[in-house]
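Data first, discussion second: the structure below is written as structure tokens.
Computed from a predicted structure; not experimentally measured. In what follows, every chain begins at residue 1, and chains take the letters A, B, ... in the order their sequences are listed.
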Amino acid sequence: MNYWLMKSEPEECSVDDVLAAPDATVPWVGVRNYQARNFMRDGMQVGDGVLFYHSSCAEPGIVAIARVASGAYPDPTQFDPTSPYYDAKSKREEPRWLLVDVQVLKKISNITLPTLRERPELADMLVLKKGNRLSITPVEAPHWKAIVKAK
DNA sequence: GCCAACGTTGGC
DNA sequence: GCCAACGTTGGC
């Protein structure tokens with residue numbers, strides 16, 4: 001079992017949007033970064049733990065505990081010319097972009113970035129590193145436990 | 001809106 | 001394969 005942190009812009013897809021969806025599950029559309037894609041393709045398994053993170057908003061932070069709810073499969077938005085995620089260079093017979101389904105298990109009170117930074121045991125988390133822009137990062141088990149256990 | 005950091009593109 | 005230019009992310 002592995003653990004991950006996944007960023008979502010709440011204006012795009014907030015934790016409440018996910019909770020309003022059937023089974024509190026959504027396809028994680030729009031990842032257009034190879035490293036993040038490879039984490040989904042090669043690293044994730046159904047049942048992996050996910051820290052659901054709100055980014056590019058007033059109070060960035062971890063807002064829910066979630067889980068990986070499917071294996072990786074092609075992101076349909078890459079083939080949709082009307083989608084902002086459309087990729088003209090991706091072919092159906094050889095999809096460039098993948099996604100997984102993510103299911104929110106429990107909404108938590110926002111653990112904000114400043115709060116995360118206050119905790120020395122979390123200092124090594126990739127999401128806290130300067131210059132980090134990856135929308136999906138692996139989370140080490142001790143970090144996961146430190147965050148989830150407190151809830 | 002600014003800007004640091006990083007990824008991608010494309011000329012050579 | 002190098003690297004400058006450009007685009008994007010995301011906190012502030």
Options C:dG10, B:dT8, C:dG11, nucleotide nearest the side-chain atoms of A:Leu113
C:dG11
Round to a whole Å and report the spacing from CG of A:Asn132 to C1' of B:dA5.
10 Å
Length of the CZ-C1' vector between A:Arg133 and C:dG11, whole Å
13 Å
Does OP1 or OP2 of C:dG10 have a side-chain N or O of A:Lys7 closer than 4.0 Å?
yes
A:Asp87 CG to B:dT8 C1', in whole Å, measures 12 Å
Fit a plane to each ring of A:Phe39 and A:Trp4, take the angle between them on a 0 to 90° scale, and name the class: parallel (under 30°), tilted (30 to 60°) or perpendicular (over 60°).
tilted
Closest to the side chain of A:Arg117, out of C:dG10, C:dC12, B:dG7, is C:dC12
Counting heavy atoms from C-beta on, name the nucleotide in B:dT9, C:dG11, B:dC6 closest to the side chain of A:Lys89.
B:dT9
Quickly work out the A:Lys129 NZ to C:dG11 P distance and round it to whole Å.
17 Å
Output the rounded distance in Å from CG (A:Leu134) to P (B:dG7).
7 Å
Return the value, rounded to whole Å, for the distance between atom CD1 of A:Ile62 and atom P of C:dG11.
12 Å
Between A:Asp48 and A:Gln45, is there a donor-acceptor pair closer than 3.5 Å when you use the side chain of the first and the backbone of the second?
yes
Would you say the ring centers of A:Tyr34 and A:Trp97 fall short of 6.0 Å from each other?
yes
What is the distance from CD of A:Glu11 to P of C:dT9, rounded to the nearest Å?
14 Å
In terms of side-chain heavy atoms of A:Pro60, which of B:dT8, C:dG10, C:dG11 is nearest?
C:dG11
Tell me whether the OP1 or OP2 atom of B:dA5 has a side-chain N or O from A:Lys130 closer than 4.0 Å.
yes
Check against side-chain hydrogen bond (donor to acceptor under 3.5 Å, both in side chains), A:Ser14 and A:Asp16
CA-CA 5 Å; A:Ser14 72; A:Asp16 291 328; 4.9 Å; no
Give a yes/no answer on whether the side chain of A:Tyr53 brings an N or O atom under 4.0 Å of OP1 or OP2 in C:dG11.
yes
Atom-pair distance (OH on A:Tyr34; C1' on B:dC6), nearest Å
16 Å
A:Asp101/A:Tyr73 under side chain to side chain contact (heavy atoms under 4.5 Å, CB included): CA gap, chis, key distance, verdict:
CA-CA 9 Å; A:Asp101 292 340; A:Tyr73 62 96; 2.6 Å; yes
Picking from B:dA4, B:dG7, C:dG11, which would you name as closest to the side chain of A:Asn33?
B:dG7
